[in-house]
Each structure stands twice: as structure tokens, then as C-alpha cells.
Amino acid sequence: SNFDKIELKGEEFLEFKNDDYYNLNPEKLIEYAKKSYEEIIKTTEFIKSSEISIILSKKSFIVWNTQANFATDNLFYTTFFIKLVGQRNWVYEEVYEKIAWTDIFDDINYEMISSKLTHVINVLDKQLDAEKSPDWKIDVIIWNESGWTIIHEAVWHWLEADLQNSSVYKDKIGQKVASELVTVIDHPNHLEKQRGCYNIDHEVNISQKAILIENWVLKWYLHTHKTSLKFNTETTSHARRENYACKTLVRMGNTFLAPWKDKKEDLIKKVNYWLYVSRMWWWQVNTTTWDFVFKVQNWFLIENWVLTKPVRWATLSWNWPQMLNEIYWICDDLEIFDGWTCWKWQSMPVTDWTPTILTKLKVSSL
């Protein structure tokens, strides 16, 4: 929050000003951030700490493989991030908002920053007055904004072929692994401006759509050329690596849980007492037992078929094969809320899409 000490770090930063891809004025971004701090953050008394970040990244690569195939590509990654810490009556809460995609500069202006900041402040205000969560296994509605976290960590990774020695999906091609509503797809070139998009992978394979689970049946794993030889199948063009010094791994691109026909507003009205999760925070996944635990940042109680008060200080936990078989409803509201960088021995930009779902999870208060 001390804008007197702000500086633009790194010689490469200013090169974005002359890049054909970016129409960017870094000094203007600093001006927007200063104005947001002075007019919005500084005047909100319960905010104790704040952070506004804009991160720019460009990756260029050249690949020449043993089949004498040659390719080059340029990939752009940007992230706009807001984090706030608030206090009221000895209660501290932390909330965040992030936008991460490649064409972000078409939308960045003061109005966009102030709108996102106002939204995060409203979320923080509600969380500071929230009640303690319940503590038992309960039906949980996971909003599409937060579903990507739990699905990515608890499901997607275990469909990567190089993890099949420890995966719950090992040797289950053609078998039922989920509820009948579940279809999982990875399509790296579906929307070209998302973080997980690429035209060719790092083995010079043209990106393609891969249907992994279709109507509850496991159809395919994600493959590189190397893993496809081991499994006696075709590559799915999911060979990626962080840089030239890293080895190629099987990595997701744009992965999504296919939408179904239910409406979110109808889903809320279906039962008397549920929890509605709107944002996850941190998580852990046990790769031996396939159990997981997620801390929820924002969620609300549903009482008498109505979305009511916010609750706080809780985690969600369960076993991911069981969770995937206990998805009872999937809504029609597939939407991209986030793009991020996933670490699996190397860091890699990915995008996950999830519609709103209903499942059953164990809720534990902190």
C-alpha cells in the first residue's frame, strides 16, 4: 500500500510496451492502482492489509524432435490479483479475486479495477459477520467459480498417464468411475486466449480434444508420445514442460466437467438444508488414500430452500472416487472463472471449467 516505493522491476517489463500483442502503458496501471487505494481501500475501515498485483509473462519456444518435426510458438500469460485482509470484533478474514487470461489488457481500466475491488470488499464484509459452520457430512452445492479447485486437484491429475502407477483410475479404461452425469474433457485449443491453451505441445503434436470420462465411463488418459507407446495408444498432445531445462511431462491444458441441464436457482430450491460453496482457498490431496481436504473461503447456508447467512472457518473433506460417484446434479452454467499455474514437478499454466454441482462432502469447523 506504500505507493511512494513502487518501481517497475526487470528490464523485460518495459519491453511489453513495444510488443505487438500488448497495448500497455505500465505507468497507467500504477495510476489506476493508486487511485483505487486512495478512494476505495483507504476509506474502508475494516481493511487491515491489501495487495493489488498485475503480473505479465511471455513464453517463446522452439521444438525440434527426433522425428525431424520443427515448430515455434509464442504464449502470453497475465494475472490481475486482489487480496484483502480485514478485521472486525477480533475476527480476521482474508479474501481474494483473480483474473488470469491472455487478453486481459482489453479490459483493464480504473472502472474494471474498482468494480472488482468493490466486489471483494463486499465479500470480506459478509465474511467478517459470518457464523461458524456446521460440522458433519452434508449435501454441498459447489458453485462453478469454486468447483475448478476441487475437481482439478481431486480428479483431473489422476487422469494423466504418467501418474497411473498410483492413480485410482489405474487399469480402469472402459469401467464406471463416476456418476452417470459426469463427462470430462480436455481441449487445449478450445478457447485460444485462455491460460491453458496452446496450438502445439512440446513434442510438436497439434493440440486436440480428448474425452477422458464420458457418461461415467473412463475412456482415455492424457498422453505424451512416450506414455502412449507404453499404453499402446495414440498421444493426446498433452506433452508440456516449463522450459528447455525440464523434461516433458503429461500436463492438462483446458479441462472441464461438461454441463448438464439443471438451473442453479432450481438446484438451491430442491432441499431444505445445504451448504453453498462459492470460493475455495487452500487444499491438500493424499495421493495414497485418495482423500482430500479443502478450506473454503466463502460459503453460505441454505435454510428452508433459501440462500441465507454466510458461514466461516470450515473445511471440506472426502475421498475423491466416492465424491465423483456422488455428484447428484450438474447445472448448465459452465463458465471459466480462473486461469492459474499448476505445479507438478514443474509450473504450467492451466485453465479449468466447472458448472455448479451438487455432491456430498464432510464439513468440519476449524
Participant: Report the residues that fulfil side chain to side chain contact (heavy atoms under 4.5 Å, CB included) with Glu214, sequence neighbours left out, ordered by chain and then residue number.
Facilitator: Thr183, Ile211, Lys219
Participant: Once you round to the nearest 0.5 Å, how far does OG of Ser49 lie from CD of Glu94?
Facilitator: 8.0 Å
Participant: Would you say Asn243's side chain and Ala245's backbone share a donor-acceptor pair under 3.5 angstrom?
Facilitator: yes
Participant: Step through the shown structure and confirm whether more than 12 heavy atoms of other residues, nucleotides or ligands are within 6.0 Å of NZ on Lys230.
Facilitator: no
Participant: Does the side chain of Leu159 reach to within under 4.5 Å of the side chain of Tyr169, using non-hydrogen atoms?
Facilitator: yes
Participant: Return the minimal non-hydrogen interatomic distance between Leu361 and Met323, and the atom names on each side.
Facilitator: CD2-CG, 3.7 Å
Participant: State whether the side chain of Arg241 and the backbone N or O of Gln346 hold a donor-acceptor pair below 3.5 Å, judged by distance alone.
Facilitator: no
Participant: Is there side-chain contact between Asp262 and Ile330, with heavy atoms separated by less than 4.5 Å?
Facilitator: no
Participant: Got a second to check how far Ile185's CD1 is from Leu257's CG, nearest 0.5 Å?
Facilitator: 9.0 Å
Participant: Is there side-chain contact between Leu222 and Leu212, with at least one heavy-atom pair below 4.5 Å?
Facilitator: yes
Participant: Counting N and O atoms only, with roles assigned by atom type, does the side chain of Lys176 sit under 3.5 Å from a partner on the main chain of Ala178, one being a donor and the other an acceptor?
Facilitator: yes
Participant: Would you say Val168 and Trp216 are hydrophobically clustered, going by side-chain heavy atoms of ILVMFWY under 4.5 Å?
Facilitator: no
Participant: Would you indicate whether Asp266, at its atom CG, is surrounded by more than 12 heavy atoms from other residues, nucleotides or ligands within a distance under 6.0 Å?
Facilitator: yes
Participant: What's the verdict on side chain to side chain contact (heavy atoms under 4.5 Å, CB included) for Thr255 and Thr351, showing C-alpha distance, side-chain angles and the deciding distance?
Facilitator: CA-CA 6 Å; Thr255 319; Thr351 303; over 6 Å; no
Participant: Once you round to the nearest 0.5 Å, how far does CD of Gln322 lie from OG1 of Thr359?
Facilitator: 10.0 Å
Participant: Just how far is it from atom CZ of Phe256 to atom CG of Leu334, taken to the nearest 0.5 Å?
Facilitator: 6.5 Å
Participant: For residues Asp291 and Trp320, report the shortest heavy-atom separation together with the two atoms involved.
Facilitator: O-CZ3, 4.2 Å
Participant: Looking at every non-hydrogen atom in both residues, tell me the closest pair between Cys342 and Val350 and how far apart they are.
Facilitator: CB-CG2, 3.8 Å
Participant: Is there a donor-acceptor contact under 3.5 Å from the side chain of Glu93 to the main chain of Gly86?
Facilitator: no
Participant: Do NZ/NE/NH1/NH2 and the carboxylate oxygens of Arg251 and Asp201 come within less than 4.0 Å?
Facilitator: no
Participant: Ignoring hydrogens and angles, tell me if any N or O in the side chain of Glu160 forms a donor-acceptor pair with the backbone of Met252 under 3.5 Å.
Facilitator: yes
Participant: Give the minimum heavy-atom separation between Val250 and Ala161, together with the two atoms involved.
Facilitator: CG1-N, 4.0 Å
Participant: Kindly work out whether a path of hydrophobic side-chain contacts (I/L/V/M/F/W/Y, heavy atoms less than 4.5 Å apart) joins Phe292 to Trp343.
Facilitator: yes
Participant: I need the minimum non-hydrogen distance between Asp125 and Arg88, along with the two atoms involved.
Facilitator: OD1-NH2, 2.6 Å
Participant: Taking the side chain as every heavy atom from C-beta outward, state whether Lys226 and Thr248 have any atom pair closer than 4.5 Å.
Facilitator: no
Participant: Could you tell me whether the side chain of Leu229 reaches within less than 4.5 Å of the side chain of His225, counting heavy atoms only?
Facilitator: yes
Participant: Starting at CZ of Phe294, measure out to OG of Ser317 and round the result to the nearest 0.5 Å.
Facilitator: 10.5 Å
Participant: Do the side chain of Asp333 and the main chain of Pro355 share a donor and acceptor less than 3.5 angstrom apart?
Facilitator: no
Participant: Take Leu218 and Lys172 through the side chain to side chain contact (heavy atoms under 4.5 Å, CB included) test and state the conclusion after the steps.
Facilitator: CA-CA 7 Å; Leu218 181 61; Lys172 290 190 176 179; 4.0 Å; yes
Participant: If we ignore hydrogens and angles and just use 3.5 Å, is the side chain of Gln164 paired with the main-chain N or O of Trp158 as donor and acceptor?
Facilitator: yes
Participant: If we only count heavy atoms from C-beta on, is the Val177 to Pro321 side-chain gap below 4.5 Å?
Facilitator: no
Participant: Quick check: are there more than 12 heavy atoms from other residues, nucleotides or ligands sitting under 6.0 Å from CD1 of Ile173?
Facilitator: yes
Participant: Please list every donor-acceptor pair under 3.5 Å in which a side-chain atom of residues 41-48 meets a protein atom from a residue at least two apart or in another chain.
Facilitator:
{"unit_1": "Thr43", "atom_1": "OG1", "unit_2": "Glu39", "atom_2": "O", "d": "3.1"}
{"unit_1": "Thr43", "atom_1": "OG1", "unit_2": "Ile40", "atom_2": "O", "d": "3.0"}
{"unit_1": "Thr44", "atom_1": "OG1", "unit_2": "Ile40", "atom_2": "O", "d": "2.8"}

Participant: Mind checking what makes side chain to side chain contact (heavy atoms under 4.5 Å, CB included) contact with Ser53, not counting sequence neighbours?
Facilitator: Glu51, Phe81
Participant: Once side chain to side chain donor-acceptor pair (under 3.5 Å) is applied, do any residues pair with Glu242, and if so which ones, sequence neighbours excluded?
Facilitator: none
Participant: Look at the side chain of Gln208 and the backbone N and O of Thr235, then say whether any donor-acceptor pair between them is shorter than 3.5 Å.
Facilitator: yes
Participant: Where does the angle between the aromatic ring planes of Phe231 and Tyr221 fall among parallel (under 30°), tilted (30 to 60°) and perpendicular (over 60°)?
Facilitator: perpendicular
Participant: Residues two or more places apart in sequence or in another chain: which of them pass salt bridge (Lys or Arg N to Asp or Glu O under 4.0 Å) with Asp162?
Facilitator: Lys344
Participant: Does a side chain donor of either His238 or Asp186 reach within less than 3.5 Å of an acceptor in the other side chain?
Facilitator: yes
Participant: Taking only residues two or more places apart in sequence or in another chain, which ones pass ring pair (Phe, Tyr, Trp, His ring centres under 6.0 Å) with Tyr198?
Facilitator: none
Participant: Both conditions, 6.0 Å and 45 degrees, for the charged tip of Lys362 above the ring of Trp318: are they met here?
Facilitator: no
Participant: Under 3.5 Å, is there a donor-acceptor pair between the side chain of Ser228 and the main chain of Thr224?
Facilitator: yes
Participant: Restricting to non-hydrogen atoms, name the atom on Val182 and the atom on Leu324 that form the minimum distance, rounded to 0.1 Å.
Facilitator: CG2-O, 4.1 Å
Participant: Okay, side chain of Asn122, backbone of Thr118: is any donor-acceptor separation there less than 3.5 Å?
Facilitator: yes
Participant: Do Tyr37 and Ile52 have side chains that get closer than 4.5 Å, going by heavy atoms?
Facilitator: no
Participant: CG of Leu358 to OG of Ser179: how many Å apart, nearest 0.5 Å?
Facilitator: 10.5 Å
